[in-house]
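Down below is the structure, laid out as structure tokens.
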Protein chains: 2
Amino acid sequence: MSIFIYIILYILTAITWRMNMNALGYALLSMLMRKPCSGYELTQLLEVFWQAKHSQVYPLLTKLEQDGLVTFVHVQQTGKPDKKIYSITDKGKALLTQWVSKPSAPPVIRDEFLVRAYAIGLTDANTAKRLFHERIFSFEEKVAFRKVEIERMQKEHGSELEQITCRHFGRYLLFQRKLKLEEEEIAWCHWVLGLLDNAKMKVNEKK
Amino acid sequence: MSIFIYIILYILTAITWRMNMNALGYALLSMLMRKPCSGYELTQLLEVFWQAKHSQVYPLLTKLEQDGLVTFVHVQQTGKPDKKIYSITDKGKALLTQWVSKPSAPPVIRDEFLVRAYAIGLTDANTAKRLFHERIFSFEEKVAFRKVEIERMQKEHGSELEQITCRHFGRYLLFQRKLKLEEEEIAWCHWVLGLLDNAKMKVNEKK
DNA sequence: GACACCATGTAACGCGTTACATGATTGC
DNA sequence: GCAATCATGTAACGCGTTACATGGTGTC
């Protein structure tokens, strides 16, 4: 009885091994669900997830194509280099669909700034403030950019955007999430700056 | 004239090359500023930054020791394996101090769940909801844990904790940040669940 | 009897980054 | 003239993960 289960598991393992699909592979497939794209465009769009480099994207697309998960057509352009436009296949769509409802691996987050924040006591209050102001500045840029993107989406697609059936629904969710988290990061920086100011005032009081 | 600059740059490069310090190295140094620790303990404490494995921590500590940035003493224990307690040296402290005020590399964030959220349109509304409920559950656990840690710190160190001079200030900042961001993540999930419910209601209206 | 915790290490492998390589067009 | 944008690729290297290895104590 359970032999069948082992056979199925074996086949699934074999497929997984042959395809060696990692999260980036699925990220590319899910991007291609929205619309066909070139490798170059995918590299830019991937920014909603994380910043993968083209040197990783191009070879992976070749691999996905070999595994029959995507196909591409050559497109000749004038004044610009030629490109390959990739589309997801039925096989790719099936693989992605069965992957979506599986449990997710815990997120990987590595942020140098947090180490600096941790060791902030090694600097004077002014340097500390400078570091947090710089952090705020870089995140405000991100927030501004994110807001533009969200508004553009809302103008283009209207209330349809907030429907699961909309092709851009997933992208919209991620934009909103990034915006929230980036704003929260800024709020945290201001809170820290407040603490640093309190400390300064107390020093002045002592004088 | 500019020859001096090149010599300085060369020396700095040579030092950097020999020490080959990455963010994890500085993370360990900053942990050791708070108190001497074993490699095992450092691996647990590193959780505030990101989850490094012991297989990375132990060899790195050996390297830091060879570079004279940390020292260790053997501590024999009964009922438990022996351990090495590492402390930061003056050289390590100096290196860390000059690193803290340098600009930070952009954070690395890789989260599989976001790919699933992006491709959520491939599943039915119920599966989608299940995925977001699971996400909420795992983040609520983190929030609860974080709150316990913060309260423990506040009880132990009182209002001194909110002073840059406190040895635990950095750690406190990071705990508060994680808490805020984790709560924001949960809020986002609830927002998404709201959208998914709206969609369902509209389907019902059509019936 | 199995599992989790404490504690330290090594080896192999795969993923991701940096750098090398090419080339036409548009804007400052 | 220089940099940026579009567009695709390869090669080398280092970081980080998984797995292998050991072994005593305490808990279910």
Side-chain angles (χ1 to χ4, degrees), chain A residues 13 16-28 36-47 49-66 70 72-86 104-112 115, chain B residues 13 16-28 36-47 49-66 70 72-86 104-112 115:
Chain A
T13 311
T16 310
W17 165 75
R18 225 181 57 73
M19 299 216 181
N20 203 31
M21 280 293 284
N22 55 19
L24 185 61
Y26 290 108
L28 290 175
C37 293
S38 68
Y40 185 86
E41 200 183 353
L42 284 169
T43 308
Q44 335 267 111
L45 291 174
L46 273 175
E47 194 261 353
F49 297 136
W50 55 81
Q51 206 34 83
K53 315 286 150 120
H54 72 270
S55 56
Q56 215 188 344
V57 173
Y58 290 126
L60 187 51
L61 281 171
T62 306
K63 221 179 133 294
L64 294 180
E65 197 267 330
Q66 281 164 7
V70 301
F72 69 89
V73 283
H74 281 282
V75 173
Q76 274 169 338
Q77 296 185 119
T78 47
K80 284 179 183 179
D82 297 351
K83 59 181 173 180
K84 294 177 179 179
I85 298 291
Y86 286 88
S104 295
V108 174
I109 303 177
R110 230 168 292 133
D111 190 347
E112 265 189 38
V115 181
Chain B
T13 311
T16 310
W17 164 75
R18 225 181 56 75
M19 299 217 182
N20 202 32
M21 281 293 283
N22 55 20
L24 185 61
Y26 291 108
L28 290 175
C37 294
S38 66
Y40 185 86
E41 200 182 354
L42 284 169
T43 308
Q44 335 267 111
L45 290 173
L46 273 174
E47 193 261 352
F49 298 137
W50 55 81
Q51 205 35 81
K53 314 286 149 121
H54 71 272
S55 56
Q56 216 188 343
V57 173
Y58 290 126
L60 187 52
L61 280 171
T62 306
K63 221 178 135 294
L64 295 179
E65 197 267 331
Q66 281 164 7
V70 300
F72 69 89
V73 284
H74 281 282
V75 173
Q76 274 168 337
Q77 296 186 120
T78 47
K80 284 178 184 180
D82 297 352
K83 58 181 173 180
K84 294 178 179 179
I85 297 290
Y86 286 88
S104 295
V108 174
I109 303 177
R110 232 169 290 133
D111 190 346
E112 264 188 41
V115 181

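Below, all heavy atoms of this structure are taken into account, side chains as well, without hydrogens, waters or symmetry copies. Residue numbers start from 1 in every chain, and the chains themselves are labelled A, B, ... in the order their sequence lines are given, proteins ahead of strands.
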- Query: Which comes earlier along DNA chain C counting from the 5' end, the contact point of B:Gln44 or that of B:Val108, where each point is its nearest nucleotide?
  - Reply: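 Closer to the 5' end of DNA chain C: B:Gln44.
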[N] OP1/OP2 closer than 4.0 Å to side-chain N/O of [X]:
X	N	value
A:Tyr58	D:dT8	yes
A:Gln77	D:dC6	no
B:Lys84	C:dG9	yes
A:Tyr40	D:dT8	no
A:Arg110	D:dC15	no
A:Lys83	D:dA7	yes

Where is the tightest heavy-atom contact between [X] and [Y], given as atom of each residue plus distance?
X	Y	value
B:Gly39	B:Leu61	CA-CD1, 3.5 Å
A:Ser104	B:Glu112	CA-OE1, 3.8 Å
B:Cys37	B:Leu45	SG-CD1, 3.9 Å

[X] [atom1] - [N] [atom2] separation (whole Å):
X	N	atom1	atom2	result
B:Leu60	D:dG14	CG	P	15 Å
A:Leu42	D:dC6	CG	P	14 Å
B:Leu46	D:dC15	CG	C1'	15 Å
B:Gln76	C:dT8	CD	P	13 Å
A:Lys63	C:dG16	NZ	C1'	15 Å
A:Leu45	D:dC6	CG	P	12 Å
A:Gln51	C:dT18	CD	P	11 Å
B:Ile85	C:dC6	CD1	P	13 Å

Choose from [options] the nucleotide whose nearest atom is closest to any side-chain atom of [X].
X	options	result
B:Lys80	D:dT10, C:dC6, D:dA19	C:dC6
A:Pro81	C:dT10, D:dC6, D:dG16	D:dC6
B:Lys53	D:dT17, C:dA7, C:dG9	D:dT17
A:Ser55	D:dA19, C:dG16, D:dA11	D:dA11

- Query: Is there a side-chain contact (heavy atoms from CB on, under 4.5 Å) between B:Ile109 and A:Val108 once you walk through the steps?
  - Reply: CA-CA 6 Å; B:Ile109 303 177; A:Val108 174; over 6 Å; no
- Pair of N/O donor and acceptor under 3.5 Å linking D:dT8 base with A:Ser38 side chain: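 No pair found.
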- Derivation and outcome, side-chain contact (heavy atoms from CB on, under 4.5 Å), residues B:Asp82 and B:Val75: CA-CA 6 Å; B:Asp82 297 352; B:Val75 173; over 6 Å; no
- Query: Just wondering, do A:Tyr40 and A:Lys83 contact through their side chains at under 4.5 Å, heavy atoms?
  - Reply: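 They are not in contact (no side-chain heavy atoms under 4.5 Å apart), so the answer is no.
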- Quick one: label A:Thr62 by what it contacts on the DNA or RNA (base, sugar-phosphate, nothing), any heavy atom closer than 4.0 Å.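 Answer is nothing: A:Thr62 stays at 4.0 Å or more from every strand.
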